[in-house]
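Below: the structure, in structure tokens.
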Amino acid sequence: MNKKFYITTPIYYVNASPHIGHTYTTVAADILARYHRMIGDKTFFLTGTDEHGARIEEVAKKAGKELQEFTDEIAASFQFAWDELNISNDRFIRTSEEGHKKVVQKALQKMYDNGDIYLGKHEGLYCKGCEQYKNEKDLVEGKCPDHKTVPEKMSEESYMFKLSKYKDELLKKIKKDEFKILPVEKKNEVISFYENEGLNDISFSRKNVKWGVKLPWDESHTAYVWSDAFLNYLTGIGWKGEIPPTPFSKGGNMEFWPADAHLMSKDILRVHATIWPAMLLSLGLDLPKTLFIHGYFMIDGQKMSKSVGNVITPNDLVKKYGVDGARYLVASAAVFGNDGDIGWGKFDEKYNADLANGIGNLLARSIALTEKLREAAVELQNKGENFQFSIFNFQTIFNDQILISKNWVDYNVLLDLIQIDKALEIIKLQVKFLDNYITATKPWELIKNKDEKSGGVMYNILERIRHIALMVYPFMPDTAEKIWESLGLNVQEEMSKKFDEAIKWGGLPVDTKVKKGEALFPRLEK
RNA sequence: CGCGGGGUAGAGCAGUUGGCAGCUCGCCAGGCCCAUAACCUGGAGGUCGUCGGUUCGAAUCCGACCCCCGCAACCA
């Protein structure tokens, strides 16, 4: 604890507006960032947009907009979406920012000076109509799908990066988990790629693309995708391009480097496992500790695509399920690291089951019971230790202090391993446990009979809900706050508690005044 | 032999240091009545894709085969 934690999402390419895929990565990163802040780590969470390249020139032109205007708009739509989803990023970086561009130039100059960038040739199939290179895979029957012409083989000068030079070193680090790739299937995939295909030097610049960062030693070229975009992970935390990097203690900004986790989906795994770390080696910087690769969403068994018309946007989700509902549904939609199949029907079902009938109803019934307790003029009592109730047809004795700390251990371990969906299961278990406990102890009867046990039973319930709220916080911050308020707790105070203290039994004062609030998650009818 | 993911109850999915097959939803029966028609219990329902192997024991390890889906496009 009290370590630093630096997490990133990829910077999203501004050729399209945010959808549920971007949302997935970003919400996951937010959950982890909030979790690490909660346990006391010094945390930095970076997201942003990637704005350069021929593709953007093309899309902006189609939209009839100036480049800067166009990218401003799309970047704003991402920022808006993340605000709406209560994303707690510390910074939103755009690669079109002057500061970023300057540092990219500095870094590339350094790589050029140390001999890792050299003038070579980029060869490819060039479509004159599109004014850009095409991959073979882009072509339909060998022709450009837009212009119905056969692109010609062209070769132009391009600065190349000596990627091949770093193959052995990177492979070794990947195998030894010094540069960790998770889940392990993805690590194996990368290793087999290294071993079977190796690494070739790659093109790092373009001559015919204007919308980009000019190479400082040859302004007729602009930096090509990776060479520009990857560096956001450094410029985003304030790196000014100093080599060696100036540590924070000496007035620099590198206290957060290396990144603890780069989150991303599988489409960009390969470049993140090759080009990016090679660039860092070339610059003499440490490699990120972990790449975590999550899966794709299918919508009701189909690929999500605009042409099918099944694209789900963050705004769609928030409108239907609220901010926290949206965050929960996305976070729990799949085993984190696997592909998932989602859809409105499944979301509705999960919303009602886990949120409305689960957490929401649990809080509502618990608060209502506590109010009855107050009417009966019985005080809450923290008896603190063993309490028992009969369940599953036998008498069970629970030591709640032990149970709770075991739950916390599981929760912490799972989140440290970036098992977001599994950590949510721990919360669901707690809810289930309490629903059981309430049914078994029948507090409404105890209260009616003025049974002396009632104060203790109700305390056990409310205190455990306090723990649930804390566990819920990284996933659904607003919900956690509402629960604290319902329990009569002060949100600021709860959030400023030291984690080790907060997870101990007994944090709820016995003289607390509970408050009935609006339903946390109104049930969706039908 | 391009790469990868997957085939487990009606639907959707968990489940590898191999050890009586689990979760959610739906269905049936019962309970409770504090709660958001909620919650709790019990039940029906599975030859864990097929065949073979290793093992005292395999959804899990090995081999072969069948089927589905990504890896190309606006798209994490």
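Below, each value reflects all heavy atoms present in this structure, side chains not excepted, and no hydrogens, waters or symmetry copies.
You'll find the ring centres of Y24(A) and F336(A) inside the 6.0 Å limit.
The P atoms of C27(B) and U60(B) are separated by 34 Å, rounded to the nearest whole Å. Using atom C1' as the reference point in both G15(B) and C23(B), the two lie 10 Å apart (nearest Å). Comparing G45(B) with C25(B), their C1' atoms sit 14 Å apart, to the nearest whole Å. The same atom, P, is picked in U41(B) and in U47(B); the two are 27 Å apart, to the nearest Å. Using C1' as the reference atom, G22(B) and C48(B) are 12 Å apart when rounded to the nearest Å. The same atom, C1', is picked in G43(B) and in G6(B); the two are 32 Å apart, to the nearest Å. Distance check on atom P: A59(B) versus A9(B) gives 14 Å, rounded to whole Å. Atom P of A29(B) sits at a distance of 50 Å from the matching atom of C65(B), rounded to the whole Å.
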Base-pair map of RNA chain B as dot-bracket, where | denotes pairing with a different strand and pairs are Watson-Crick or G-U under 3.5 Å = .(((((((.[[[[.)...(..]]]].(((((.......))))).....[[[[[..)....]]]]])))))).....
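The distance between atom CD of Q419(A) and atom C1' of U16(B), rounded to the nearest whole Å, is 14 Å. Taking atom NE2 of H272(A) as the reference point, atom P of A76(B) lies 12 Å away to the nearest angstrom. Rounded to a whole Å, the CD atom of E185(A) is 7 Å from the P atom of G5(B). Between the CG atom of N436(A) and the P atom of C39(B) there is a distance of 12 Å, rounded to whole Å. Atom CG in D421(A) sits roughly 16 Å away from atom P in U24(B) (whole-Å rounding). For the pair N357(A) CG and C23(B) C1', the computed distance is 16 Å after rounding to whole Å. Atom CG of N449(A) is separated from atom P of C33(B) by 12 Å (rounded to the nearest Å). The CD1-P distance, from I74(A) to A76(B), rounds to 12 Å in whole Å.
Residue Y296(A) is classed as a base contact, given a heavy-atom separation below 4.0 Å to a base. The residue D435(A) sits close only to the backbone: its heavy atoms come under 4.0 Å of sugar-phosphate atoms, none of a base. Within 4.0 Å of A356(A), counting heavy atoms only, lies at least one base atom of the nucleic acid. As judged by a 4.0 angstrom heavy-atom cut-off over every strand, N338(A) is placed among residues touching the sugar-phosphate backbone only. Heavy atoms of V335(A) sit under 4.0 angstrom from primed sugar atoms or phosphate atoms, though from no base atom. Residue-level contact check: H22(A) touches the backbone only, with heavy atoms under 4.0 Å from sugar-phosphate atoms and none from bases. Contact annotation for K372(A): backbone-only contact, meaning every heavy-atom pair under 4.0 Å involves sugar-phosphate atoms and none involves a base. Within the nucleic acid shown, E445(A) comes within 4.0 Å of sugar-phosphate atoms alone, with no base atom in reach, counting heavy atoms only. When heavy atoms are screened at a 4.0 angstrom cut-off, D341(A) is found touching the sugar-phosphate backbone but no base atom. In this structure, G301(A) reaches neither bases nor backbone, as no heavy-atom distance under 4.0 Å exists between it and the strands shown. At the heavy-atom level, L520(A) lies under 4.0 Å from base atoms of the strands shown. Counting non-hydrogen atoms under 4.0 angstrom, A364(A) reaches a base of the nucleic acid. Using a 4.0 Å heavy-atom criterion, one finds that F193(A) contacts no nucleic acid atom at all.
For N361(A), the side-chain atoms get nearest to C39(B) when compared with the rest of C74(B), A76(B), C39(B). Proximity note for A519(A) (side chain, C-beta onward) versus A76(B), U36(B), C39(B): the nearest is U36(B). The listed nucleotides are U24(B), U36(B), C75(B); the one nearest the side chain of A16(A) is C75(B). Which of G70(B), C25(B), C33(B) sits closest to the side chain of W444(A) comes down to C33(B). With distances taken from any side-chain atom of H294(A) to the nucleotides U36(B), A76(B), C39(B), the minimum falls on A76(B). For A368(A), the listed nucleotide lying nearest its side chain is C34(B); candidates were C34(B), C25(B), A76(B). Considering only side-chain atoms of K432(A), the nucleotide from C40(B), U36(B), A76(B) that sits closest is C40(B).
Between the D339(A) side chain and the Y296(A) main chain, a donor and an acceptor come within less than 3.5 Å of each other. Using a distance-only test at 3.5 Å, with no hydrogens or angles considered, no donor-acceptor pair links the side chain of N89(A) to the main chain of T47(A). Of the possible donor and acceptor atoms, none in the side chain of N449(A) sits under 3.5 Å from a partner among the backbone N and O of D451(A).
Each of E189(A) and M298(A) was assigned the nucleotide of RNA chain B with the nearest heavy atom; the assignment lying further toward the 5' end belongs to E189(A). The residue among D267(A) and A334(A) whose nearest nucleotide of RNA chain B is located toward the 5' end is A334(A).
For K422(A), there are no salt bridge (charged side-chain N to carboxylate O under 4.0 Å, His left out) partners at least two apart in sequence or on another chain.
Under a 4.0 Å N-O distance rule, the pair K320(A)/D316(A) does not qualify as a salt bridge. Under a 4.0 Å N-O distance rule, the pair K428(A)/E425(A) qualifies as a salt bridge. Between K515(A) and E485(A), none of the side-chain N atoms (NZ, or NE/NH1/NH2) sits under 4.0 Å from a carboxylate O, so this pair counts as no salt bridge.
Aromatic ring orientation, H22(A) versus H19(A): tilted (interplanar angle from 30° to 60°).
Remark: the S164(A) side chain and the N200(A) side chain contain no N/O donor-acceptor pair separated by less than 3.5 Å.
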Between R365(A) and D435(A), is a salt bridge (Lys or Arg N to Asp or Glu O under 4.0 Å) present by the stated rule, with each step listed?
-> CA-CA 9 Å; R365(A) 70 194 300 211; D435(A) 272 331; 2.7 Å; yes
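For the pair R55(A) and C74(B), the criterion of a side-chain N or O lying under 4.0 Å from OP1 or OP2 is met.
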